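Note that the structure is a prediction, hence the values are computed from the model and not measured. The chain is numbered in sequence order, starting from 1. Note that these values count all heavy atoms, side chains included, but never hydrogens, waters or copies made by symmetry.
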Amino acid sequence: MARHRGDDRKAGAAAKAASHKDFTPPFTVARPETQTVPFVLNSPHSGRIYPQAFLAASRLDALSIRRSEDSFVDEIFAAAPRLGAPLLHANFPRAYLDTNREPYELDPAMFHDTLPPHANTRSVRVAGGLGTIARVVADSTEIYRAPLSYAEADHRIRTLYMPYHQALSELLENTFHRFGCAVLIDCHSMPSLAGPIEDDPMVPRADIVLGDRYGVSAAPALTDAAERILTDLGYVVTRNTPYAGGFNTEHYGRPAHGLHALQIEINRALYMDETRVTRGRGIHKLTRDMSEFVTRLALVDRAFLAPTVPPTALSAE
């Protein structure tokens, strides 16, 4: 169907209006009364507030645009404060802004003006359409009906991305100062089948994939313990394939400094209807098991988590 330039202008204006939408608040920090374990749990992709202006700027309907969402992961790990660890989770959706990316991983094809020199336009994630401002949802369907302005992207990054990572950095720094080490557990979910553009399309995924950047972002003893606990709980677990960890694990995981980052990807077939984006009966068992997982992982010998060199300040910039 032909689209007139006036339609593009309206779509661009709608996208800009959405960027000023109050997510009230954009993210939530659920804190324990007293933090008793050196863990910070983070759910960056479970946000499910989709402003009407954003939907108006999209060519997708309200259900299709949720294909990249790690639905209900914040609920699955909601017991974290009761177990002694803070939980940070986004309320804005991944399709709107992805905090598991560098600050400025941007695709020039999405914008009607020139990007600044500091934008990373050549990353693998940008090439796949899944930069800081995503071009597509998980099945490679285009999100926007019209190009955006760089000012729109910059606004989202400054008002959502930067405060989110400031909060995450503070949680990790406070944890380190309290315990002498800190562990980021970056919580995600994955489609039950490999996507059409992946190396193994339509191949079923394991129950859980642990990502530690092939041993770089976390002490091996921590990943070993996580795999052992999850296997004991009855799950089929793999490491680093196909998800070794994104920006968060790469950026915050510095084991030599006593800062560890472990990504956990949960197969959505375990707990939800992937087509209708609704909770399934399995979500109750999975939630109990993830609470048990966190409880048992907290018993790992902290000598393995201690720094061997002085830590450096954390920042996403």
Side-chain angles (χ1 to χ4, degrees), residues 1-24 26-27 44-71 90-116 118-162 164 191 195-198 201 246 268 274-278:
M1 181 182 294
R3 187 174 68 239
H4 298 292
R5 184 168 298 182
D7 296 330
D8 288 352
R9 285 197 296 268
K10 290 177 182 178
K16 186 170 182 62
S19 73
H20 297 280
K21 181 76 173 181
D22 184 6
F23 286 95
T24 61
F27 55 86
H45 292 162
S46 56
R48 46 189 176 271
I49 298 175
Y50 291 82
Q52 286 300 314
F54 175 50
L55 293 175
S58 172
R59 62 177 68 200
L60 302 175
D61 59 43
L63 187 61
S64 298
I65 204 168
R66 299 184 68 182
R67 290 173 186 157
S68 291
E69 179 186 310
D70 290 353
S71 303
N91 295 320
F92 54 85
R94 178 189 187 183
Y96 189 73
L97 179 121
D98 192 341
T99 60
N100 196 24
R101 299 290 182 263
E102 296 174 23
Y104 288 93
E105 285 189 78
L106 301 174
D107 184 346
M110 292 180 60
F111 301 94
H112 59 65
D113 47 0
T114 303
L115 298 180
H118 61 262
N120 180 352
T121 62
R122 298 179 179 274
S123 76
V124 172
R125 294 178 288 230
V126 167
L130 295 171
T132 315
I133 308 294
R135 176 173 52 82
V136 301
V137 290
D139 66 352
S140 299
T141 305
E142 298 277 340
I143 294 174
Y144 294 98
R145 293 193 288 117
L148 304 175
S149 68
Y150 169 70
E152 163 65 15
D154 190 57
H155 179 82
R156 296 187 197 182
I157 292 165
R158 291 184 181 277
T159 60
L160 297 175
Y161 183 103
M162 297 300 183
Y164 191 95
I197 64 171
E198 297 185 68
R268 291 175 190 155
E274 296 176 80
T275 302
R276 296 186 297 168
V277 193
T278 56

### Message
To the nearest 0.5 Å, what is the distance between CG on D98 and CZ on R125?
### Response
8.5 Å

### Query
Has the side chain of R59 got a donor or acceptor atom that lies under 3.5 Å from a matching backbone atom of I143?
no

### Query
Is the cationic atom of R66 (NZ for Lys, CZ for Arg) positioned less than 6.0 Å from the six-membered ring centroid of Y50 and within 45 degrees of its normal?
no

### Query
Can you tell me if R67 uses its side chain to pair, donor with acceptor, with the backbone of V136 under 3.5 Å?
no

### Task
Provide the closest heavy-atom pair for P103 versus M162 in the form atom of the first, atom of the second, distance.
CB-CE, 3.9 Å

### Task
Give me the one residue out of D154, T121, T132 that meets side chain to side chain donor-acceptor pair (under 3.5 Å) with Y104.
D154

### Query
Only one of R101, E102, E105 forms a side chain to side chain donor-acceptor pair (under 3.5 Å) with S123, so which one is it?
E105

#### Entry: T159 side chain to H155 backbone, donor-acceptor under 3.5 Å
yes

## Note on the structure
In short, A153 meets I133 closest at the heavy-atom pair CB-CG1, 4.0 Å

### Message
Using a 3.5 Å distance criterion without hydrogens, assess whether the side chain of S68 forms a donor-acceptor pair with backbone atoms of A138.
### Response
yes

### Task
Would you check if the side chain of N91 reaches a backbone N or O of F23 as a donor-acceptor pair within less than 3.5 Å?
no

## Note on the structure
Rounded to the nearest 0.5 Å, the CZ atom of R94 sits from the OG atom of S46 at a distance of 11.5 Å

#### Entry: Gap between atom OH of Y96 and atom CD1 of I49 - 0.5 Å precision
11.5 Å

### Query
Where is the tightest heavy-atom contact between D113 and Y150, given as atom of each residue plus distance?
OD1-N, 2.9 Å

### Query
Any chance the rings of F92 and F54 have centres within less than 6.0 Å?
no

### Query
Side chain of R145, backbone of A56: donor and acceptor closer than 3.5 Å?
yes

### Query
For R276 and L63, what are the C-alpha separation, side-chain angles and deciding distance, and is it a side-chain contact (heavy atoms from CB on, under 4.5 Å)?
CA-CA 8 Å; R276 296 186 297 168; L63 187 61; 5.6 Å; no

### Query
If every non-hydrogen atom of F111 is compared with every non-hydrogen atom of D107, which pair is closest and at what distance?
CD1-O, 3.1 Å

### Query
How many angstroms lie between atom CG of D70 and atom CG of N100, to the nearest 0.5 angstrom?
9.5 Å

